[in-house]
Structure formats: C-alpha cells, structure tokens
Amino acid sequence: MTGTHAPLSLSPRDGDSSPAEVFAEGWRLFMRHRVLVVVLPFLAAVATVGWALSRPRTYTSSASFIASGPDASRSGLSSLASQFGVRIPTGDVAQSPRFYADLLRSRQLLAGVVQSTYAYRDTQGGARTGTLMDVFASSGGTPALRLENAMATLDHLTGVSVGAETGLVRVGVTTEDAGLSAAIVRRFVELLNAFNLETRQTRATAERKFTQARVQEVEQELRQAENRLDAFLRGNRSYLGSPSLVTQKERLERDVTMRQQVYTSLMQAYEQARIDEVRDTPAITLVEPPYVPARPDGRGLLRRAILGAVVGLLFGLALAAGRELRGRPPVA
C-alpha cells in the first residue's frame, strides 16, 4: 500500500550489527520521516522569524550610577566611640548597591514612575501626553487595578543589574518609543534621589534630636565635675603633701577631661546632624545619565530562528518516534 513501510525489526542479532548497518538503518528512518525532521524545523524557524518581524521595534534607554554613602570620618558618634576603643562598623546596608537595585523594583518607586506624566507617541505616531497607565493601556475595573497592572508591565520592561566588583548599578527600560524610554529612566533616577534625600534628612533629624538631648545631659555632668574639682582645690590648697589628696585630685581631673572630650564630640555630631538635616546633595553619583537611543533594539532573528528550528526538530522527532512505535508488531 502506498505510504506504508515495514516496521522496524528487532532480531536477536541486533546487538551484533556493524556501524555501517546501524548508519544504513538510521538513514532509512530519516528518509521515511524526512518531512517531519527537516520540513517541520524549517517551517518553525520561518514562523518564528516572521513573528519577530511583525512585532514593533523597541528602544532601550539606561542609566548607571554608584552610591555615594555618608563619610564615616565625619560621624561624630563614630569619632566619640573610637576615643574609648570602640569601633563602630561604617557599612550602611541602606547605601549598598543591592539595596538600590531592590529599591528600583519596589512598589513605592514603581508606583511613582507609573503615575508620573510623560509625552509619548501612540501606535499611529501621534503625540500624546499621559501616565504609563495610558501608555500601556492598562485594563481594570478600578483605578487601583489599573495601577497594579501598569506597575507589573513596567517591572517586566525594566532591567536592573549590579556590578559584582564595581558596585555599579544599571537600570534600563524598553518601550516602543525612544524618548519615552529615556524619560522613564530619568524619572527612576529622580525618584531615587528624592527617596535618598528624604531618608537621609529624616535620619539626620532623629540624630540631631538625640545628640541635642545628650549635649544637654553631658554639659550638666561636665559642670558638676568641674564644680567638684573646684571645691576640692578650694578646700585643699596644700594637697601636694598628701598622696591620697593628690590621687583624689588626679581622679577629679580625669573625670573633667573625659567629660570635656565627650561634650566636644557630641557638639561636633550635633552640628553635623544640623547640616545633614538641610543638605540637598544627591546621594548617588551618575556615571551614565539617561539618554535617548538613536537605534532600535536588535530583533535577534538568528537566535529566534535557531530556537524555532530546535523546537520544531524536537517536535518532529517525537512524532517520528510515535509513528515508529505504532508500526511495530506486538511483542509475544
């Protein structure tokens, strides 16, 4: 009958087949199923490339920065602790590159970027203005649901990476409009700076209030120590002849000196906190500012074609194997 073939025979001497016989049998199998193992991968590759060509071009803009954390040498509390042999770790988790990478994907920043207003072009090339909910045509029965869907879309279009050795943080956004991609990245950087400034100023305010209270306490303790030393000197004008009085006088002087050092360090910390409370210097340093890409992203046609061909080949082999198994006689 046309189109039929003899099933693959399994004789007792199959294990003694020579390489030539194995190759010949494999060639016969290939020829019987050549449509599946050749044409199907080709069609799959063509379909994959055609799908890629039908998609609109995309543009990716990115920016990179490094975190410029607070100078530990200016910290009054660290300086104060070092005078007593206590070392305070200077590393700040909130200034680490990984922290910024996670912050860029946080709900707070994503919501801020989505709700900002941008100028963009629609699918017909017309100039439009609106939020990313409008750009992405986010669906949803309520504004909250539209916001959630737009945030999910933005998170999918955003890429964040951290350099393992340099600590360089890179954020990139891919959209169908070059100017929009650059504007979104720029907005990410702006909100990141705003978050840094607010966080740092809030921390400085808390430190200023704490050091201000401690300055008042230490100032009172210093005055009490000075009064005790003054009272001792007034009551013991000839203390040099008594070893116990000399020891007592040295102890009172050490107490005064120690409290003077604590007071001086706290005053330095207090003044630094007052400065940081109103400081508006960005806490990140831009290495590569956002830019408008001049060329669209590559379509990856070769990679897509190879992937489609491999998937088609695997599917074709599976179909060929199924046909061979159906054509074998049942084992007695």
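Classification of Arg214 and Glu207 as a salt-bridged pair fails, no side-chain N sitting under 4.0 Å from a carboxylate O. No salt bridge links Asp255 with Arg251; every basic N to acidic carboxylate O contact stays at or beyond 4.0 Å. In summary, Arg223 and Glu226 do not engage in a salt bridge, as defined by a charged side-chain N under 4.0 Å from a carboxylate O.
A donor-acceptor pair shorter than 3.5 Å can be found between the side chains of Arg208 and Gln212.
Taking Ser242 as the reference, Ser244, Leu245 meet the side chain to side chain contact (heavy atoms under 4.5 Å, CB included) condition, with sequence neighbours excluded.
To the nearest 0.5 angstrom, Leu157 atom CG is 7.5 Å from Thr175 atom OG1. To the nearest 0.5 Å, atom CD of residue Glu190 and atom CG of residue Asn193 are 8.5 Å apart. How far OG1 of Thr257 is from CG of Leu229: 9.0 Å, rounded to the nearest 0.5 Å. Distance CG/Leu145 to CG/Asn149: 4.5 Å, rounded to 0.5 Å. Rounding to the nearest 0.5 Å gives a distance of 13.0 Å between CG of Leu104 and CZ of Arg170. Summarising the geometry, atom CG belonging to Leu180 is positioned 13.5 Å from atom CZ belonging to Arg187; distances are rounded to the nearest 0.5 Å.
Between Phe65 and Tyr100, the ring planes lie perpendicular to each other; the angle is over 60°, past the 30° to 60° tilted range.
When side chains are defined from C-beta on, Gln220 does not count as touching Gln216, because their heavy atoms never get closer than 4.5 Å. Put simply, the side chain of Leu132 reaches to within 4.5 Å of the side chain of Val135, judged on heavy atoms. Here the side chains of Arg105 and Val160 are in contact, with some heavy-atom distance below 4.5 Å.
Put simply, the side chain of Ser181 gets close to the backbone of Tyr59: a donor and an acceptor are under 3.5 Å apart. Of the possible donor and acceptor atoms, none in the side chain of Arg146 sits under 3.5 Å from a partner among the backbone N and O of Gly140. Using modelled atom types, no side-chain atom of Ser61 and backbone atom of Val292 make a donor-acceptor pair closer than 3.5 Å. The main-chain N or O of Met151 is never found under 3.5 Å from a side-chain atom of Asp155 such that the two would form a donor-acceptor pair. Using a distance-only test at 3.5 Å, with no hydrogens or angles considered, a donor-acceptor pair links the side chain of Asp134 to the main chain of Thr131.
Minimum heavy-atom separation, Ile184 to Val173: CG2-CG2, 3.8 Å. Taking each heavy atom of Thr211 and Leu266 in turn, the nearest pair found is CB-O, 4.5 Å. Of all the heavy atoms in Ala101 and Val162, the pair that sits closest is CB-CG2, 3.5 Å. Here the shortest heavy-atom pairing between Phe188 and Val171 reads CD1-CG2, 4.5 Å.
One hydrophobic cluster, built from ILVMFWY side chains closer than 4.5 Å, holds both Val113 and Val189. Neither Val46 nor Val311 shares a network with the other; the hydrophobic side chains, linked directly or stepwise wherever heavy atoms of I, L, V, M, F, W or Y lie under 4.5 Å apart, form separate groups for each. Side-chain heavy atoms closer than 4.5 Å link hydrophobic residues (I, L, V, M, F, W, Y) into clusters, and following such links, possibly through other members, connects Val169 to Leu286.
Taking a 6.0 Å sphere around OH of Tyr291, one finds it holds more than 12 heavy atoms contributed by other residues, nucleotides or ligands.
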Checklist line | Stepwise side chain to side chain contact (heavy atoms under 4.5 Å, CB included) check, Leu191 with Phe195 | finding: CA-CA 6 Å; Leu191 291 178; Phe195 175 86; over 6 Å; no
